Amino acid sequence: MRVIEFNQVSKLYRLGRVSSGTLSDDLNRWWAMKVLGKEDPLLRVGEKNVPSQKGMSDYVWALKDFSYCVQEGDALGIIGRNGAGKSTLLKLLSRITTPTAGEIKVHGRIASLLEVGTGFHPELTGRENIYMNGAIMGMTKAEITRKLDEIIDFSGCERYIDTPVKRYSSGMRVRLGFSVAAHLEPEILVIDEVLSVGDADFRKKATGKIQQVSKGEGRTVLFVSHNMGLISSLCTKGIVLSNGVMDFSGTAAEAIDHYQKVSTAKIAQQALIIDCIDSCKSIVEISEIQINNTPYSSSALTPCQQTLDVMIKGTTHELIKCEIKMVIKKSNGTPMASFLEGRYKGFHTVFQPGEFTITRHIRLPKYIANGEYLIDLYLHGPYVQNFFEAHNCHKLSVDGFCDQLARPIEIGTDGFIGLESV
Amino acid sequence: MIIKPHEKLWHINFAEIWQYRDLLLLFVRRNIVTQYKQTILGPLWYLIQPALTVIMNMVVFGGIAKMSTDGIPQPLFYMAGNICWFYFSNCLNNASSTLTANQSIFGKVYFPRLVVPLSLVISNLLRFAIQALLYIVLFLFFLTKGANITMNWTVLLTPLYIVMIAGLGLGFGILISSLTTKYRDFSILLSFLISLWMYATPIVYPISMVDNNSMRLLILANPMTSVIEAFKYATLGQGYFSWLALGYSFCFMCLVLFFGIIFFNKVQRNYMDTV
C-alpha cells in the first residue's frame, strides 16, 4: 500500500533580503500571473539550485518536481549533501510549510522528530514537559499517561523527573525528548539527524528503538542522516537528492554507493596530480600518477576503506632502484604519517630502462581520524635522491572510521590514529 | 490527507483543533504556571496589578482631574473598567505575538496553530476571574457601607460581555500577529496603540461625561465602549446600556474574528519561510 505519494512536489525559496516580498515584486507578479495569465516572471525556467554558483534570479528551487512513492513498512533513507533539499522535503511532509507546486498524499498519522524536545519549557518539570511535548506531537493526555512509566524508564532520568528541565544537562534533555518521541505510535515516523546527539550508549538505545519501529512493528520510517553506516543499518530503501532534484532511487545500499561515487567524482573535477610535480630528474619521465584510484588532486576516503592505492607510471632512460615515499600531512602541513618502506625496510624495486609502473596498496590504520589531509608524493632512490617530488599534490578527505553507531575521532583534537585494546 | 500548495481561504479545520484539546489545556496550564515562577508574590500579582492601577486612577483622574464617576464610589468605578480592559489588552497583546514568539516550536512540528492564541485567551480568562473576585469583594464592601449601587437583571448578560471582550482581543490579536510576520512595524505600533486605545474607551471616565455629539459617536464607534459601559451598568446601575450599541460591537467582533482567523490560517501555512 502506498503510504506517502509525492507528486511533482516543488518548493521555491527567495534569496537575499530578509523581508519576503516587496510590494513592487508582489505587484509585478500579480500583474503577470493573474491579469496577463503568464508564468511567474521572477522565475527563470529550468534554473537549478547550485549553492556555490551565483544564480540568475533571487529565487531558488529547494526542491523541484520531486515524485516518489513510499510503500507501507518502508524504511527510506534520504541522502544528499548540505542544501540538497532533504530537510525541505521533511518540512513539507510534516506540514511546517507548504509546497509551491505539486501535492503530497499521506495516509496515516505522521510524527516528525525534526528536533527532539520541541516545546520543552525550562520552568516545567520533566514530567510536565513529557505531557507538553507529547501533546505537541499529537498524543492525547490519556495516551501519555498510559506510557508515562515506559517513557521515564527509557529516558533514564527517573531521579530528576520532578525537577524543572532548566536544571537538566543538555544530554538529559535530549534523552527525555527522544523518549517521548520514541513512544509515539504514528503510522509514519520522520527523523532528521536526531541521533547525532547523546552518548554512545543512548545512541545505541535510540537506534535499536528505531529499528524496532521500522522492522519489528512494520511502520514506515523516513530518515535523513549523513551517517552512511546508520542509513545502511536502518533503511531498506534509499534516495539521493542533489540540488533539489532526485538523483537516484533504489535500495539503501545502492543509494549509498551512488552517493559516494558522485561525491568523489565531484571533488575530482580539478587539477591532475601529475601537474603538481615540483621537480623531476631528467632520467625519468612521469606519465601518470594515481592516488586513491584517481588521477585528480583530491579524493575522499570512504568510511570502510582500509587501503590507499598509489600508482606511478612513467619511462626511465637508465636503470633505477626506487621506491614510493608518501607523507600524509595535516592541512596545516604537520606530517602525520609516512609510507617509506625504502628506508625502514630497505626495499627497492629495480626498473630496466623503458616503461615502468609501480603500485603500492598502503594499509591504513583502522581507526583513522576525521579530517582533511594533504599528501606529498616522492619517488626516491637508495642514496637520498628523489627522482621526483610532488608536494601537496593530493587532498584527501577522510570521514574517519568508526563502528556502526559510534563517532570517529577528530584530527584537530584527538590525533591521527585511534588505538585499540586487545 | 493531502498536502497542497493552496487551500481554500475558508478551509479551516476546526475538528482538528478539537482533536488537540488536550494540548490546548496543557498550554493554558503552562501559561499560568510559568508566568510567576521564581517570584515571591506569585499569583498575588494578579491582584496587585489592578489594585495599584485603581489607586493611580483615583489619584490622577478622581483626585487631581476631579472627573465624575456618575456618583459611584471611585474604587468600584475604576475597578470595573480596568479589569475588563486588562482582559482585552492581555488577550490582544499575547495573541499578537503568537507567530513570532513561537517560531521555534512552529518550525519543528505541526499542530493547529490556532491552539496557541486560544490557550492565551483561556488563561487570561482565569486571570480575569481572579480579578473579578477582587471586584466582588469591593462591591460587597461598598454595598454594606450603603453606597448608591444597584445591580440589575442585565448582569445575566455578563458572560456575553466576556465573550465579546475575548473575541475582540483574539480577533485583533491574530490579525496583528499575521501582519507582523511580514512587517514588524505592527508590533511596534501595537504597543502604543493599546495605551491610546484605552483613553478612547470609557474606563477612567463615564460616557455620560462626553456631551459633544460627534465626540460621543466617535467613542461609541470603538467596539469596546458599549461592552464596558454595559458591564458597569449591569453591576453598578450606572452606565450606558443600548442593544444597538451592543449589537454593533457584536457584529464588529464577528467580523474581526472571521477575518482574523482566515488571515491567520492563510499566513501560518507558509510563514516559516519568511519569518
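Just so it is clear, the structure is predicted and the values come from calculations on it, not from any experiment. Letters A, B, ... mirror the listed sequences (proteins, then strands); counts begin at 1.
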> Relative to chain B, which of A:His121, A:Glu5, A:Met139, A:Glu128 shows the most heavy atom pairs under 4.5 Å?
Replying inline: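 The candidate making the most pairs under 4.5 Å is A:His121.
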>> Sort by residue number and list every residue of residues 118-130 of chain B having at least one heavy atom under 4.5 Å from chain A.
In response: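 Hits under 4.5 Å: none found.
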>> Check this for me: A:Arg109, atom CZ, are more than 12 non-hydrogen atoms of other residues, nucleotides or ligands nearer than 6.0 Å?
In response: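 Atom CZ in A:Arg109 is crowded, with more than 12 foreign heavy atoms closer than 6.0 Å.
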> Considering residues, nucleotides and ligands other than A:Tyr168, do more than 12 of their heavy atoms fall under 6.0 Å from its OH?
Replying inline: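 Buried by this count: over 12 neighbours within 6.0 Å.
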> At a heavy-atom separation under 4.5 Å, does B:Arg21 approach chain A through its side chain, its backbone, both, or neither?
Replying inline: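 Neither part; nothing is under 4.5 Å.
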> So what's closer than 4.5 Å to chain A heavy atoms on B:Gln35: side chain, backbone, both or neither?
Replying inline: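 Answer is neither: B:Gln35 stays 4.5 Å or more from chain A.
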Separation between [atom1] of [X] and [atom2] of [Y], rounded to the nearest 0.5 Å:
| X | Y | atom1 | atom2 | result |
| --- | --- | --- | --- | --- |
| B:Gln268 | A:Arg95 | CD | CZ | 9.0 Å |
| A:Thr98 | B:Lys4 | OG1 | NZ | 12.0 Å |
| A:Ile136 | B:Tyr20 | CD1 | OH | 10.0 Å |

> If only atom types and distance count, is the side chain of B:Asn270 paired as donor or acceptor with the main-chain N or O of A:Thr97 below 3.5 Å?
Replying inline: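 Checking the backbone N and O of A:Thr97 against the side chain of B:Asn270, no donor-acceptor pair under 3.5 Å is found.
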> If you count heavy-atom pairs under 4.5 Å between each of B:Val115, B:Leu25, B:Leu23 and chain A, which one has the most?
Replying inline: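 Ranked by heavy-atom pairs under 4.5 Å with chain A, first place is B:Leu23.
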> Looking at B:Ile3, B:Leu26, B:Ile2, B:Thr34, which makes the most heavy-atom pairs under 4.5 Å with chain A?
Replying inline: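 Among the listed options, the one with the most contacts to chain A is B:Ile3.
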>> Quick check on A:Leu92 against chain B: is it the side chain, the backbone, both or neither that has a heavy atom closer than 4.5 Å?
In response: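 For A:Leu92, the contact with chain B is made by the backbone alone.
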>> Determine whether A:Met137 and B:Phe111 satisfy the following criterion, side chain to side chain contact (heavy atoms under 4.5 Å, CB included), listing intermediate values before the conclusion.
In response: CA-CA 7 Å; A:Met137 305 244 219; B:Phe111 56 89; over 6 Å; no
> Between B:Arg29 and A:Glu123, is the closest basic N to carboxylate O distance under 4.0 Å?
Replying inline: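 No, A:Glu123 and B:Arg29 are not salt-bridged.
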> Which pair of non-hydrogen atoms, one from B:Asp22 and one from A:Lys141, has the smallest distance, and what is that distance?
Replying inline: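 In terms of heavy atoms, the two residues are closest at OD2-N, 2.8 Å.
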